[in-house]
There are 2 protein chains.
Amino acid sequence: MNTRLGALLSILAKKRIPGLFVSSAPNISYLSGSPSRDSFLLVTQQKCIYFTDGRYYEQARNYLKGLQVKRIANNIGDELFNALKILGLKELGFEEEYLSFAGYRRLESKFGKDFVLTPTRRLVEELRVIKDKYEIIKIKKAAQIAKKALSFIEGVIKPGIKEIEVAAELERFIRYNGAGASAFDIIVATGKNSSYPHHQTSSRVIQKGEVVLVDMGVDYCGYKSDLTRVFLSDKINTSVRKVYDIVRGAQQEALKKLRPGLEICQVDKAARSYIQRKGLGKYFVHALGHGLGLEVHEAPGISSQAQGKIQQGMVFTIEPAVYIPHKFGIRLEEMILTNSKNCEVI
Amino acid sequence: MNTRLGALLSILAKKRIPGLFVSSAPNISYLSGSPSRDSFLLVTQQKCIYFTDGRYYEQARNYLKGLQVKRIANNIGDELFNALKILGLKELGFEEEYLSFAGYRRLESKFGKDFVLTPTRRLVEELRVIKDKYEIIKIKKAAQIAKKALSFIEGVIKPGIKEIEVAAELERFIRYNGAGASAFDIIVATGKNSSYPHHQTSSRVIQKGEVVLVDMGVDYCGYKSDLTRVFLSDKINTSVRKVYDIVRGAQQEALKKLRPGLEICQVDKAARSYIQRKGLGKYFVHALGHGLGLEVHEAPGISSQAQGKIQQGMVFTIEPAVYIPHKFGIRLEEMILTNSKNCEVI
């Protein structure tokens, strides 16, 4: 039994839920210790069963240690039903955010009226908020590859090159440097395009003296990085430079405050109020940051509504931004790891 | 009003559902005519509203024609509630496969007992099965770029190169040749790794005389391609060559039979029974193919259980395969477009 499954089983025991049907792919990856997709996991005190179809069955059998692997013959409902019958269970928890209404109804009609389906919420996600040492090693490596790629790309970016060509070179570079894939579609946003927080990288050609915003991350053994840099030419417009300095200042404000025990909403406030004091508050249209790990966006959200405190083992981004519509945008994003006494930019 | 929204509204009128809450991203992309994510669509006879958050709001306002765009201030439940109140609606359809159990419960508690939430199934997906001329142009372009990339990569593949480096060169090439992104993580499976239907591209080095299987596709304006080639050196083992010829033979059997009006399950049968006759049936562990368009996998599934007939405007893959555990695998995948009288390999 691995530690993560053990932790989940303790929670289930406390809540008196005899078993959990896990249908979220990142949660399954976390619990099984191996990047998973198109699979399901049944976690009970007696045994844990990993279900997948013919495309992944052989792989799962070879790579997953300590889990029974079952091939889905027809559909997951039938497999679950049979497994629960053998185990003699009359109640099953499910992840209410990751089972569709239709999926719920199928289980309900398959299992019958006497069977209890219990909605659960964030049981595995709460475990994932605090990264263990194996996860931190992978996240740091993912960050390292992304940083190296961003240094490399600085030398590639110049007027005359297309946004998509910058992405092309990054995609190639990261795979020669240890990444399995991009963590998400790389954003290369130049000139006016940078005024969109999530611009879709296009064939636009970079012009002289323009903002070039690059937001990228990699997947390393299932773990993600996420960094944003803005490259400015020496001849950049002074108003752009001014906004850049304000965003950088906001990031510094947040970083200065960061420490274990601080209310998360205070981190957002530190950066946001700095930007507000400079009169640009209305142009900072999203939260300050987000947790990341097996997903690019996961708990904790670093926003003004966030509840809870910064804790040791949390990994998240700090990414203040200012987007001037129809003109340009500046976003600067770093990844933070919370240690026992301080927070470290990784 | 665009044609696609018009077609959906006719279906809703026939079913006497006054409005539909669309939460599936590809369905929203289809209806809005523009690749969408992190958004929702409310479709009613009176008006259609596109909801998105601060990260996408400006883009949506600039790119979406004929749709009201509303920024989500707090959460989608509140936005929907307000919109429906103004419209005076007391019933709303929702997509039961794309709304989570928790999402359903949130709407239910927000809207109250007198409001009717009506589960719907595949309303937009059924429209998407038959591609229109604008979609076919994009899919053909996506196929073209992937084919060009596969020709290019044949010259790159040689002993001593890593699987991930082959993927790196493909990722770069497709973006210089018009693609916005990969349609999915490129599979480069060499030697024994090819025996996994969905191998995760690794840092394994290609050895002399090995099978090199490449499964890739691109995203062109939201539309996907998906092709698989197996590259064999001249000195390949004769047993590998024999399996290759059997898989190729199975593909030919399916292609020979294909025509509008044929039962879909018969296409699967044509290829599968050929492989079975050669004694390799148990090594063909998945369906023969799948529809593709805005998603890499969408309707129609081309399997032994498929119901319905091949129709004009359908686009799908034909990908027979044989996987010999611990040894090697061969999969050959083509994309098919159904015309009025015949089926075309694109």
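Here is the naming used below: chain letters follow the sequence lines, and residue numbers restart at 1 for every chain.
Within the 4.5 angstrom heavy-atom criterion, only backbone atoms of B:Ala179 (N, CA, C, O) approach chain A. With a 4.5 Å cut-off on non-hydrogen atoms, B:Arg106 touches chain A through its side chain but not through its backbone. For B:Asn62, the part lying near chain A is the side chain, with the backbone staying farther off; criterion is any non-hydrogen pair under 4.5 Å. Interface residue B:Ile164: backbone and side-chain heavy atoms are both found under 4.5 Å from chain A. Heavy atoms closer than 4.5 Å to chain A are found in both the backbone and the side chain of B:Ala167. Heavy atoms closer than 4.5 Å to chain A are found in the side chain of B:Phe94, but not in its backbone. For B:Phe284, no part lies near chain A; criterion is any non-hydrogen pair under 4.5 Å.
Scanning for salt bridge (charged side-chain N to carboxylate O under 4.0 Å, His left out) contacts around A:Lys70 gives A:Glu79, with sequence neighbours left out. Residues satisfying the salt bridge (charged side-chain N to carboxylate O under 4.0 Å, His left out) criterion with A:Glu333, sequence neighbours excluded, are absent altogether.
Atom CD of A:Gln200 has 12 or fewer neighbouring heavy atoms from other residues, nucleotides or ligands inside a 6.0 Å radius.
Classified by interplanar angle (parallel below 30°, tilted 30° to 60°, perpendicular above 60°), the ring pair B:Tyr196/A:Tyr63 is tilted.
The existence of a salt bridge linking A:Arg175 and B:Glu165 is excluded, since no basic side-chain nitrogen approaches an acidic carboxylate oxygen closer than 4.0 Å. Ion pair A:Arg121/A:Glu97 flagged as a salt bridge, since at least one NZ, NE, NH1 or NH2 atom sits closer than 4.0 Å to an Asp/Glu carboxylate oxygen.
The choice from B:Arg71, B:His326, B:Lys162 that makes the most heavy-atom pairs within less than 4.5 Å of chain A is B:Arg71.
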